[in-house]
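Heads up, the thing below is written out as structure tokens.
Here, residue 1 is the first one in the sequence, and each next residue gets the next number. The analysis underlying the following values was restricted to heavy atoms, covering all of them including side chains, and did not include hydrogens, waters or symmetry mates.
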Amino acid sequence: MKQNIRIFLLFIAIVGSVHWCHGQQYDRHWLGRTPYGYKLVLMQFNEDGISYILTGVSPKIIMDKGAFAVSNADGELQFYTNGNVVCNHEFEIMSGGKGFNQGSFFDDWDTFDSDTTANTPYVPYTYQVIPDGYDDQVYYMLHAFDEYYWFDLDGEPPTDDCGILSSPKMQISKIDMSANGGRGKVVYKNRIIDNDTMGVTFALVRHGNGRDWWLVLRSLDALEYKSLLLRRDSVVQVVPSNISELSSDWFMCSDWRSTAQNLLYPSPDGSMLVDKYGGFHAKLLSFDRCNGGVTLIDTLYTGAKDIIDPTDGHVIFEDAYIHEFAFSPSGRFLYGSGDAEYAQWDLQAEDIEASKVTLGGIPWAVTEDQQSVIYNRMGSTIMAQGPDGKIYSLVNYWHSVIEHPDEKGEAAGICLAPENLPSCLGIPYRLYAVPKPNYRLGPLEGSPCDTIPDEPEPPEHPTGGYDLSVWPSPSSGPATVEITLPDYSQGRARIAIVDMLGRYLYSHTFPPYTYLHQLDVSDWASGVYNVLLLEGKDLKATARLVVIR
């Protein structure tokens with residue numbers, strides 16, 4: 001029997017590795033638009049370089065802070081979104097593609113007409129998209145519910161002393177591209193999966209099994225983290241982490257804003273995160289892809305510089321700081337961009353903070369006659385690694401590129417847009433860098449970690465009005481699970497299924513006021529399975545299911 005189990009596990013490992021041999025080109029397309037006429041531009045990464053496809057149509061969405069395009073595993077454009085509207089690859093609003101974030105401060109923020117909407121105008125990418133690990137036609141958009149959080153800095157009840165964007169609930173929406181003849185459909189939208197007030201941005205990292213996803217949320221001061229393990233659209237585990245070594249007692253309002261509203265960046269291999277810690281510092285964090293834990297590696301003082309107007313020498317901004325980051329493809333180097341500089345840190349250095357190298361100067365420009373600063377084109381933007389391994393810093397017409405990000409210091413080869421007008425890419429379009437999850441991050445080789453978390457031992461008897469039954473048993477096809485609850489309104493009851501080796505194989509959460517769920521056991525191995533009824537982390541009842549062939 002043990003030998004058969006080893007052979008079966010080996011077969012599963014081989015199947016899993018074959019899955020990752022196929023294309024994973026979900027991030028092949030980035031979006032832009034033309035300077036005039038506002039026509040959609042597709043920035044497409046190809047083997048021989050980047051091509052720019054002029055679609056001749058309106059984007060249908062506002063992209064002042066960027067937008068998120070999703071391709072399938074073969075690199076074919078599927079849809080794009082700004083977090084409030086979803087458009088399909090035919091450049092039309094998808095069926096069910098409006099009405100996201102209903103009730104949010106930025107819900108359906110109309111600019112020109114009823115079909116042109118924008119999401120958060122101040123913080124980009126409070127939304128991201130991931131593919132279903134089990135169905136290549138299904139995708140999920142994770143999106144924050146953006147609203148202002150007001151508080152005073154003395155810890156008293158909320159006032160209007162300081163306002164920052166926060167997310168009192170995290171949402172998930174499902175998109176099925178097999179519907180409507182391949183034009184797609186939003187199956188449901190705005191389903192709440194977390195109700196704690198957190199920052200508006202988050203990270204998505206593949207679980208160690210290579211199929212499921214960790215959604216990593218952080219508190220407003222980024223000293224508490226919550227990792228939600230998603231299997232398809234179900235939360236099967238919640239892992240809290242606390243950075244107890246640090247404090248936010250010293251934060252001023254600008255520190256709160258910088259920390260809560262900046263992006264949370266994962267390394268390509270998912271083992272690290274970088275996050276802000278006030279205005280002038282960053283936190284380098286370790287992330288465990290198996291258990292979802294977040295721990296502190298180091299803090300970095302990222303520096304501050306005054307921005308000087310080269311035309312007359314006066315100070316435009318004092319103490320401009322680094323506010324965006326990106327890891328190199330290997331994870332060896334960390335890059336930062338701010339209003340005054342581009343910088344690199346060597347994460348293998350004995351003193352990471354001291355390894356800082358300034359690669360490029362001020363990422364803004366002056367007029368051709370050098371007589372005045374183009375103020376509306378100042379400032380750096382989000383950096384993101386492209387599928388070609390380069391790091392792109394793109395905002396509107398200003399396009400800077402780090403050509404060799406795994407090289408140290410000047411060998412990284414930065415092209416700074418103001419020094420290569422009009423653009424290091426040589427094109428006049430308004431483009432935006434898009435930090436996307438690492439879709440090509442496969443399973444951890446030889447890792448024992450699994451999708452479903454460990455559960456407590458089953459109680460001997462059902463308690464408190466809870467009961468569980470499964471029929472038929474034995475079964476070789478569908479099996480029905482029926483639960484009894486003292487209160488059906490909460491939507492907290494779920495079942496987990498465990499085989500006789502103690503492996504957790506399946507989980508399902510019951511929506512409010514439901515009590516039946518059908519299992520398809522046609523592909524399950526013959527044997528005896530324990531079915532557990534849980535509410536939160538408390539185990540309420542058990543039953544057994546026998547599967548036969």
Check side-chain hydrogen bond (donor to acceptor under 3.5 Å, both in side chains) between Q490 and all other residues, then give those that pass, not counting sequence neighbours. D487

What's the spacing between Q44 CD and Q25 CD if we round to 0.5 Å? 9.5 Å

Surrounding OH of Y188 (heavy atoms of other residues, nucleotides or ligands, distance under 6.0 Å), is the total greater than 12? yes

For A282, side-chain contact (heavy atoms from CB on, under 4.5 Å) partners two or more places apart: V274, T302, F325

What do you reckon, are the aromatic ring centroids of Y397 and H399 less than 6.0 Å apart? no

Applying side-chain contact (heavy atoms from CB on, under 4.5 Å) to E535 and not counting sequence neighbours gives Y466, R492, K540

Any side-chain heavy-atom pair of M141 and F100 under 4.5 Å: yes

Sequence neighbours excluded, which residues qualify as salt bridge (Lys or Arg N to Asp or Glu O under 4.0 Å) partners of R257? none

Residues which pass side-chain hydrogen bond (donor to acceptor under 3.5 Å, both in side chains) with R289, listed by chain and number, not counting sequence neighbours: none

By side-chain contact (heavy atoms from CB on, under 4.5 Å) - contacts of A326 (at least two apart): M383, I391

Can you tell if the side chain of D136 reaches within under 4.5 Å of the side chain of M177, non-hydrogen atoms only? no

Using side-chain heavy atoms (C-beta onward) and a distance below 4.5 Å, is I382 in contact with Y125? yes

Set out, in order, the CA-CA distance, both residues' side-chain angles and the distance that settles side-chain hydrogen bond (donor to acceptor under 3.5 Å, both in side chains) for N72 and E76, then state yes or no. CA-CA 5 Å; N72 62 18; E76 300 164 330; 2.7 Å; yes

With a 4.5 Å heavy-atom cut-off, do N101 and Q171 have their side chains touching? yes

What residues, two or more places apart in sequence or in another chain, satisfy side-chain hydrogen bond (donor to acceptor under 3.5 Å, both in side chains) together with Q344? Y335

Ring pair (Phe, Tyr, Trp, His ring centres under 6.0 Å) evaluation trace for Y140 with W213: CA-CA 11 Å; Y140 302 103; W213 289 89; over 10 Å; no

Considering residues at least two apart in sequence or located in another chain, which fulfil the side-chain contact (heavy atoms from CB on, under 4.5 Å) criterion with D288? C290, N291

Are D27 and R440 close enough, and set up right, to give a salt bridge (Lys or Arg N to Asp or Glu O under 4.0 Å), and what steps lead you there? CA-CA 10 Å; D27 55 355; R440 292 171 289 280; 2.9 Å; yes

Determine whether V216 and F202 make a side-chain contact, defined as any pair of heavy atoms from C-beta on separated by less than 4.5 Å. no

Is the distance between the ring centroids of F79 and Y139 less than 6.0 Å? yes

Are Y432 and Y392 an aromatic pair, judged by ring center distance below 6.0 Å? no

Stepwise side chain to side chain contact (heavy atoms under 4.5 Å, CB included) check, L425 with Y52: CA-CA 11 Å; L425 299 178; Y52 302 91; 3.4 Å; yes

Quick one: salt bridge (Lys or Arg N to Asp or Glu O under 4.0 Å) pairs with a partner in residues 78-87, sequence neighbours left out? none

What I'd like to find out is whether the side chain of Y439 reaches to under 4.5 Å of the side chain of P437, using heavy atoms alone. yes

Measuring from D269:CG to R206:CZ, what's the distance to the nearest 0.5 Å? 14.5 Å

Pair listing, salt bridge (Lys or Arg N to Asp or Glu O under 4.0 Å) test, anchored in residues 166-192, at least two apart: R191-D233

Test item: Y265 and K276 side chains (from C-beta on) under 4.5 Å apart, heavy atoms: no

If the condition is salt bridge (Lys or Arg N to Asp or Glu O under 4.0 Å), which residues does D194 pass it with, not counting sequence neighbours? K226

To the closest 0.5 Å, what do you measure between CG (L263) and CG (D275)? 9.5 Å

Can you tell me how far the CG atom of L230 sits from the CD1 atom of I172, to the nearest 0.5 Å? 5.5 Å

Return the CE to CG distance between M272 and L347, rounded to the nearest 0.5 Å. 5.0 Å

Could you tell me which residues satisfy side-chain hydrogen bond (donor to acceptor under 3.5 Å, both in side chains) with S71, sequence neighbours excluded, listed by chain and number? H29

Taking NZ, NE, NH1 and NH2 as the nitrogens, is one of them in D406 or R332 under 4.0 Å from a carboxylate oxygen of the other? no

So, do F145 and H143 sit near enough that their side-chain heavy atoms are less than 4.5 Å apart? no

